[in-house]
Amino acid sequence: MERCIPGAERQLTRALAQIASLPNTFLVRREQIKLQVGLSYTLMQTKGYGAPETKAAFELVQALIQRAEALGETAEDPLALFSILYGVWVWNFAAFNSHAALDLAMQFLTLAREQDATLPLAIGHRMTASSFLVAGEIAKAREHFDSASALYNEVKHRPLVARIGHDLGVMTLSHRGIDLWLLGYPDAARADIDRALSQAREFQHAATLMYALNYNSIMNALRRDIANARVDELLALADERGALFWKASGG
């Protein structure tokens, strides 16, 4: 499992400070975008999805990409723009800006359909589903969760976890589990949540495991399971990794 997240935050911040002193060339701008994307997703885990620092980091990298496009420079990573759009959506989702989150999700899904790219399509359906879920449109959410799950390919998509911070399959199952509970299918909900945690343990990616543990503890709370060992595991892992956001979530 990967090492402490705050260490990555320090290294990325240091690298960005150093790169700012270099000549403003195409290669330097490309590397700056790559580093800023990495910092944005690291801050998501340490400071939180809706933290001002996270929002500022995503807004900066969005501006960097727009500047590069204005100069006629193509992104080295074709998924970079999707990663940033996802990050902006996450901030609005965490801030309970349900209308903005749904609008951003639909924009993302439209762009993914235009490019006919499987991973962005799967992410777009998951974003739309989660946006519908928090807006109370739980039946509509189920349709998009099912689409995201059908498009997800563990072999192809799991190695791309850095694009959105967590494994897409685990996130989809975790949110669909809550949706199924609200729709009145407790057994199916429990099955999704348990499967998400099992896959997260198999993947051995700390941020994804913390995500799955958090939703497993939420499900246990919904089931009024007082002896919630998942919370203790989440707190221990968050403390080990220096992930204050997940520590607060578990507390």
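Keep in mind that what you see is a predicted model, and the values were worked out from it rather than measured.
Heavy atoms only, all atoms of each residue included: Leu43 and Ala57 are closest at CD1-CB, 3.7 Å. Here the closest heavy-atom approach between residue Leu168 and residue Ala122 is recorded as CD2-CB, 3.5 Å. Closest approach of Val134 to Ser98, counting heavy atoms only: CG2-CB, 4.5 Å. Ala189 and Met219 get closest at one heavy-atom pair: CB-CE, 3.8 Å.
Using modelled atom types, one finds no donor on one side chain facing an acceptor on the other under 3.5 Å when comparing Thr208 with His166. In this model, a donor atom of one side chain and an acceptor atom of the other lie less than 3.5 Å apart for Thr46 and Glu9.
Looking at heavy atoms from C-beta onward, Ile65 lies in side-chain contact with Ile84 at the 4.5 angstrom threshold. The side-chain heavy atoms of Trp91 and Asn97, taken from C-beta on, include a pair separated by under 4.5 Å. Residues Leu209 and Leu213 form a side-chain contact, since some pair of their non-hydrogen atoms from C-beta on lies under 4.5 Å apart. In this structure, the side chains of Phe82 and Gln115 come closer than 4.5 Å at one or more pairs of heavy atoms. Leu39 is not listed as a side-chain neighbour of Val61, based on a closest heavy-atom distance of 4.5 Å or more. Residues Thr13 and Arg10 have side chains not in contact (no heavy-atom distance under 4.5 Å, counting atoms from C-beta outward).
Between His99 atom NE2 and Ser131 atom OG the span is 11.5 Å, to the nearest 0.5 Å. Atom CG in Leu111 sits 6.0 Å away from atom CD in Glu114 (nearest 0.5 Å). Of the inter-residue distances, the one linking Arg223 atom CZ with Ile193 atom CD1 reads 11.0 Å to the nearest 0.5 angstrom. The distance from the CD atom of Gln199 to the OG1 atom of Thr172 is 10.0 Å, given to the nearest 0.5 Å.
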Extract all donor-acceptor atom pairs below 3.5 Å that involve side chains of residues 138-150 and protein atoms in other chains or at least two apart in sequence.
from, atom 1, to, atom 2, distance (Å)
Arg142, NE, Asp146, OD1, 3.2
Arg142, NE, Asp146, OD2, 3.1
His144, ND1, His125, ND1, 3.0
Asp146, OD1, Arg176, NH1, 2.9
Ser147, OG, Glu143, O, 3.2

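Evaluation of the side chain to side chain contact (heavy atoms under 4.5 Å, CB included) rule for Gln66 yields Gln62 as partners, not counting sequence neighbours. Residues satisfying the side chain to side chain donor-acceptor pair (under 3.5 Å) criterion with Asp179, sequence neighbours excluded, are absent altogether. The side chain to side chain contact (heavy atoms under 4.5 Å, CB included) test applied to Ala117 returns Pro120, not counting sequence neighbours. For Trp89, the ring pair (Phe, Tyr, Trp, His ring centres under 6.0 Å) partners at least two apart in sequence or on another chain are Tyr86, Phe93. In this structure, the salt bridge (Lys or Arg N to Asp or Glu O under 4.0 Å) partners of Glu202, at least two apart in sequence or on a different chain, are Arg158. For Gln32, the side chain to side chain contact (heavy atoms under 4.5 Å, CB included) partners two or more places apart in sequence, or in a different chain, are Leu16, Ile19, Leu64, Arg67. Shown here are the side chain to side chain contact (heavy atoms under 4.5 Å, CB included) partners of Asp194, two or more places apart in sequence or in another chain: Arg190, Asn216.
Under the 4.5 Å side-chain heavy-atom criterion for grouping Ile, Leu, Val, Met, Phe, Trp and Tyr, Tyr185 is connected to Leu222 within one hydrophobic cluster. Linking Ile, Leu, Val, Met, Phe, Trp and Tyr whenever their side-chain heavy atoms come within less than 4.5 Å leaves Tyr41 and Phe203 in two separate clusters.
Its side chain within the 4.5 Å cluster rule, Phe132 clusters with Leu102, Met106 among the Ile, Leu, Val, Met, Phe, Trp and Tyr residues. Grouped with Leu173 in a hydrophobic cluster is no other residue, since no side-chain heavy-atom contact under 4.5 Å to another Ile, Leu, Val, Met, Phe, Trp or Tyr is found. Hydrophobic cluster membership for Leu121: Leu109, Leu151 (Ile, Leu, Val, Met, Phe, Trp, Tyr linked by side-chain heavy atoms under 4.5 Å, directly or transitively). Residues Leu27 make up the rest of the hydrophobic cluster containing Phe26, defined by ILVMFWY side-chain heavy atoms closer than 4.5 Å, directly or through other members.
In this structure, the side chain of His157 engages the main chain of Asn153 through a donor-acceptor pair within 3.5 Å. In terms of modelled atom types and a separation under 3.5 Å, the side chain of Arg29 and the main chain of Asn24 share a donor-acceptor contact. Remark: side-chain polar atoms of Asn92 are paired, donor with acceptor, to backbone N or O of Val88 under 3.5 angstrom. Listed for the Tyr211 side chain is no donor-acceptor partner under 3.5 Å among the backbone atoms of Ser174. Without hydrogens or angle criteria, Ser217 side chain to Asn214 main chain gives a donor-acceptor distance under 3.5 Å.
No option in Val170, Leu197, Ile178, Asn220 other than Ile178 meets the side chain to side chain contact (heavy atoms under 4.5 Å, CB included) test with Tyr215.
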